[in-house]
Asks: 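Please find one structure pasted underneath; my questions will follow.
Note that ligands are numbered from 1 as they come in the structure, with each ligand's atoms numbered from 1 the same way. When reading the values below, keep in mind they use all heavy atoms of this one structure, side chains included, and skip hydrogens, waters and symmetry mates. Numbers here are sequence positions counted from 1.
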Amino acid sequence: MIRRFFSYYKPHRRLFIIDFSSAVIVAILELAFPVAVQRFIDRLLPSGDWPMILTVSILLLGVYVLSTFLQYIVSFLGHKLGINIETDMRRELFYHVQKQSFRFFDNTKTGHIMSRITNDLFDIGELAHHGPEDFFIAIMTFFGAFGIMMTINVKLAIVSILVVPFLVWVITFCNIRMNQAWKRMYSKIADVNSRVEDSVSGVRVVQSFTNESFEKKRFDHDNGKFRKAKLTAYKVMAYTSSSIYMMTRFVTLVVLVFGAWLSFHGQLTNGELVSFILYVNVLMKPVDKISALMELYPKGMAGFKRFSDLVDQEPDVQDREDAIKVPLLKGDIQFDDVTFGYDSHQTVLQGIDLQVKAGETVAFVGPSGAGKTTICSLVPRFYDLDDGKITIDGIDISEMTKQSLRAQIGIVQQDVFLFTGTIHDNIAYGNLNATERDIQEAARRAHMESFIHSLPQGYETPVGERGLKLSGGQKQRIAIARMFLKNPPILILDEATSALDTETEKMIQHALSELAENRTTLIIAHRLATIRNADRIVIVTEDGIAEEGSYDELLNRGGIFAKLHCIQYERNVYTAT
Ligand SMILES: Nc1ncnc2c1ncn2[C@@H]1O[C@H](COP(=O)(O)OP(=O)(O)OP(=O)(O)O)[C@@H](O)[C@H]1O
């Protein structure tokens, strides 16, 4: 894991070297400062040589300026290194998530992917910046300071270091509690986030049930728990920092008293005593740094592990090595003994045989959960089959590249997804290379033109997050316009379950039949009235394909379709009366 973590430094080697060497020089200057002070007090002050004192002071000023400049480099370039690595990882993760197949999204919560891409990577970036540098510098400063202290006075050096094991113990103890506190805090903030996500996305349900006060109560409960968890974390933090402060002051006092005693007995000069007191601070700093690292390391590494787990998850639907890029297809679809289940213990489709001729319109009808949507999502290879094969124009779809296969299939879903942007951008999503004229032509064919022109901003009208500002019928027409732009030979229409007003419905039906012209069209149908003109209707039940035929043939057969027809017809009569 650590080796893999370091591999992300490779592209930023130069930055790392500059940052790291600057940090080393800063540390060396910090180590040399108490020695300079000692010489200043012991040698220069008694001599009373003012010109020399001035020269040394100017030299020291030069060193300070250099040190400040290097501190700036360390702080800026160090963070730059961290953010560069974080950006690389975020890009890798985003690209990887884009490659994933439907099964991955079925099993992974959006909130989790979001927190991998934001929170986790932030922690990793911090670790990348502080980890190796702080660790090395801390070790170097600690042993460097102790070594110099030993050369000045062995007894005093040993007395100063005696407190370090206690300090390490306190820090380790605090860190364990700190980690638990952070963990609790992260889990509580995740609860708050999901509560907010639920209440905001479901605000229409909340308000229609007038459950606002219930939602507030639930939110206050989670928010209160988060507050408590964060307060605990801060309490441990305050305890840690005050303990470190107390111990540092305690050692300083011990050094002062013992140093004074040594000085009385002529074993220590005044300059050496002052430098020792300065070294105590230099000695304590690395302990503090390591303690901060001990907090950062598990957090960053846990995030990196979650990041690696996600990046290592290979998409289950992949192009074969010898996959072919198919040219424009005619659209002859054949299901050959197809068996499929979303997971190993539940088979949704068993031994399905089906043929759809190029240009034919086939509607799938059947009870809810029978597998209509599943059949249609196997054609663009959103999932791989457990058994059997699907061919288009005689070529097995698993032998085609996903890209060339999906480029030939257009899907109009019930729940049209609109991206944040304008109407123009949303239509253009169907073909990113389309010209203005193509886009306007597509809008016209989707019967959207007069609606768009009635808007003050026309095509440049922004549509809100997920298109909240547009009606269901308008969103569907945008989806249809996208399909006219994409112009695929195969079309999958997931018919809207809810009825639109008669005029909009007519307009959409009109646009859809125009769209379906000269294409192989698969319709997932919910309302029989809309599929009267389909070339063929396939009745899907939990036991597979039960009936097939034209509308009138199936009606005359008196089977499942006739029964469904009867129910829907009765419902319509009931609704009408
Ligand atoms: N992503 C999924 N992961 C696991 N199981 C699924 C998934 N999608 C559908 N299923 C299951 O597969 C079965 C068939 O579902 P499918 O959506 O294909 O039915 P449908 O006939 O289209 O239903 P509806 O008319 O209600 O849309 C159902 O039992 C459903 O629970």
Side-chain angles (χ1 to χ4, degrees), residues 97-113 313 315-318 333 335 337-354 356 361-388 390 397 402 406 409-417 472 475-476 479 490-500 508 512 521-531 534 536-548 551 554 559-561 563-569 571-572:
V97 168
Q98 290 279 312
K99 272 197 317 197
Q100 289 298 334
S101 50
F102 276 34
R103 193 166 263 129
F104 169 85
F105 295 102
D106 290 344
N107 300 324
T108 318
K109 282 188 167 180
T110 318
H112 284 189
I113 301 175
Q313 221 166 306
D316 62 321
V317 177
Q318 295 219 41
I333 306 171
F335 278 59
D337 202 14
V338 167
T339 297
F340 171 77
Y342 287 97
D343 42 56
S344 49
H345 55 268
Q346 188 207 12
T347 303
V348 176
L349 303 173
Q350 179 86 54
I352 299 284
D353 289 310
L354 178 74
V356 181
T361 296
V362 173
F364 294 89
V365 175
S368 176
K372 305 179 291 287
T373 311
T374 307
I375 290 180
C376 292
S377 47
L378 294 179
V379 180
R381 214 183 147 208
F382 288 143
Y383 299 88
D384 268 338
L385 311 180
D386 295 333
D387 210 357
I390 298 175
I397 57 167
K402 280 189 293 180
R406 291 177 189 170
I409 302 173
I411 304 168
V412 179
Q413 258 145 355
Q414 280 189 37
D415 180 19
V416 179
F417 188 89
K475 283 201 254 178
Q476 278 218 320
I490 299 168
L491 201 61
I492 296 173
L493 305 177
D494 192 354
E495 189 202 53
T497 37
S498 54
L500 302 158
I508 289 177
L512 282 175
T521 308
L522 310 180
I523 307 175
I524 304 161
H526 299 284
R527 284 171 302 131
L528 305 185
T530 57
I531 51 162
R536 198 151 39 107
I537 295 167
V538 174
I539 309 297
V540 185
T541 67
E542 279 178 10
D543 303 321
I545 294 174
E547 292 173 14
E548 258 182 85
Y551 197 95
L554 289 175
I560 299 172
F561 180 78
K563 255 189 229 158
L564 281 172
H565 184 271
C566 197
I567 294 167
Q568 285 207 0
Y569 179 72
R571 198 191 296 150
N572 287 346

Asks: May I ask which of Phe105, Phe102, Tyr342 has a heavy atom nearer to atom 8 (N) of ligand 1 than the others do?
Replies: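 Nearest option to atom 8 (N) of ligand 1, by heavy atoms: Tyr342.
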Asks: Can an N or O of Gly371 be found at a distance shorter than 3.5 Å from an N or O of ligand 1?
Replies: yes
Asks: Side chain, backbone, both or neither: which part of Thr373 has a heavy atom under 4.0 Å from ligand 1?
Replies: both
Asks: Tell me the protein heavy atom at minimum distance from atom 1 (N) of ligand 1, and give that distance in Å.
Replies: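 Scanning the protein heavy atoms, the shortest distance from atom 1 (N) of ligand 1 goes to Asp106 OD2, 3.0 Å.
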Asks: Identify which one of Thr361, Leu554, Val362 satisfies the side-chain contact (heavy atoms from CB on, under 4.5 Å) criterion when paired with Arg536.
Replies: Val362
Asks: Using the side-chain contact (heavy atoms from CB on, under 4.5 Å) rule, take Thr347 and Asp386 through it: C-alpha gap first, then chi angles, then the decisive distance, then the call.
Replies: CA-CA 9 Å; Thr347 303; Asp386 295 333; 5.7 Å; no
Asks: Say whether Val348 and ligand 1 are in contact under the criterion: heavy-atom distance to a ligand atom below 4.0 Å.
Replies: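 A heavy atom of Val348 does come that close to ligand 1.
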Asks: Only distances under 3.5 Å count here; give the side-chain donor-acceptor pairs of residues 374-382 to other protein atoms, sequence neighbours excluded, each with its distance to 0.1 Å.
Replies:
residue	atom	partner	partner atom	Å
Thr374	OG1	Tyr342	OH	2.9
Ser377	OG	Thr373	O	3.0
Ser377	OG	Thr374	O	3.1
Arg381	NE	Asp384	OD1	2.7
Arg381	NH1	Gln318	O	3.3
Arg381	NH2	Gln318	O	2.9
Arg381	NH2	Asp384	OD1	3.3
Arg381	NH2	Asp384	OD2	3.3

Asks: Test side-chain contact (heavy atoms from CB on, under 4.5 Å) on Leu522 and Phe364; report intermediate values, then the result.
Replies: CA-CA 7 Å; Leu522 310 180; Phe364 294 89; 3.9 Å; yes
Asks: Within the structure, is a non-hydrogen atom of Gln346 found at a distance of less than 4.0 Å from ligand 1?
Replies: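 Heavy atoms of Gln346 do come under 4.0 Å of ligand 1.
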Asks: What's the shortest distance from atom 18 (O) of ligand 1 to any protein heavy atom, and which residue and atom give it?
Replies: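 Nearest neighbour among protein heavy atoms for atom 18 (O) of ligand 1, to 0.1 Å: Thr374 OG1, 2.4 Å.
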Asks: Is there a polar contact, in the sense of an N or O pair closer than 3.5 Å, between Gly366 and ligand 1?
Replies: no
Asks: Nearest protein heavy-atom contact for atom 26 (O) of ligand 1: which residue, which atom, what distance?
Replies: Ser368 OG, 2.6 Å
Asks: With the side chain counted from C-beta on, respond yes when Asp353 and Asp337 share a heavy-atom pair under 4.5 Å apart, and no when they do not.
Replies: yes
Asks: Do Val348 and Tyr383 have side-chain heavy atoms sitting under 4.5 Å apart?
Replies: no
Asks: Among Val538, Ile537, Ile539, Val540, which one satisfies side-chain contact (heavy atoms from CB on, under 4.5 Å) with Glu547?
Replies: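 The single option meeting the side-chain contact (heavy atoms from CB on, under 4.5 Å) with Glu547 is Ile539.
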Asks: If we set the cut-off at 4.0 Å for heavy atoms, which region of Tyr383 has an atom near ligand 1: side chain, backbone, both, or neither?
Replies: side chain
Asks: Looking at atom 25 (O) of ligand 1, what's its closest protein heavy atom, distance included?
Replies: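 The answer is Lys372 NZ, 2.8 Å.
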Asks: Do any N or O atoms from the side chain of Lys372 and from the backbone of Gly366 form a donor-acceptor pair under 3.5 angstrom?
Replies: yes
Asks: Which residue supplies the protein heavy atom nearest to atom 28 (C) of ligand 1, what is that atom called, and how far is it?
Replies: Gly369 O, 3.6 Å
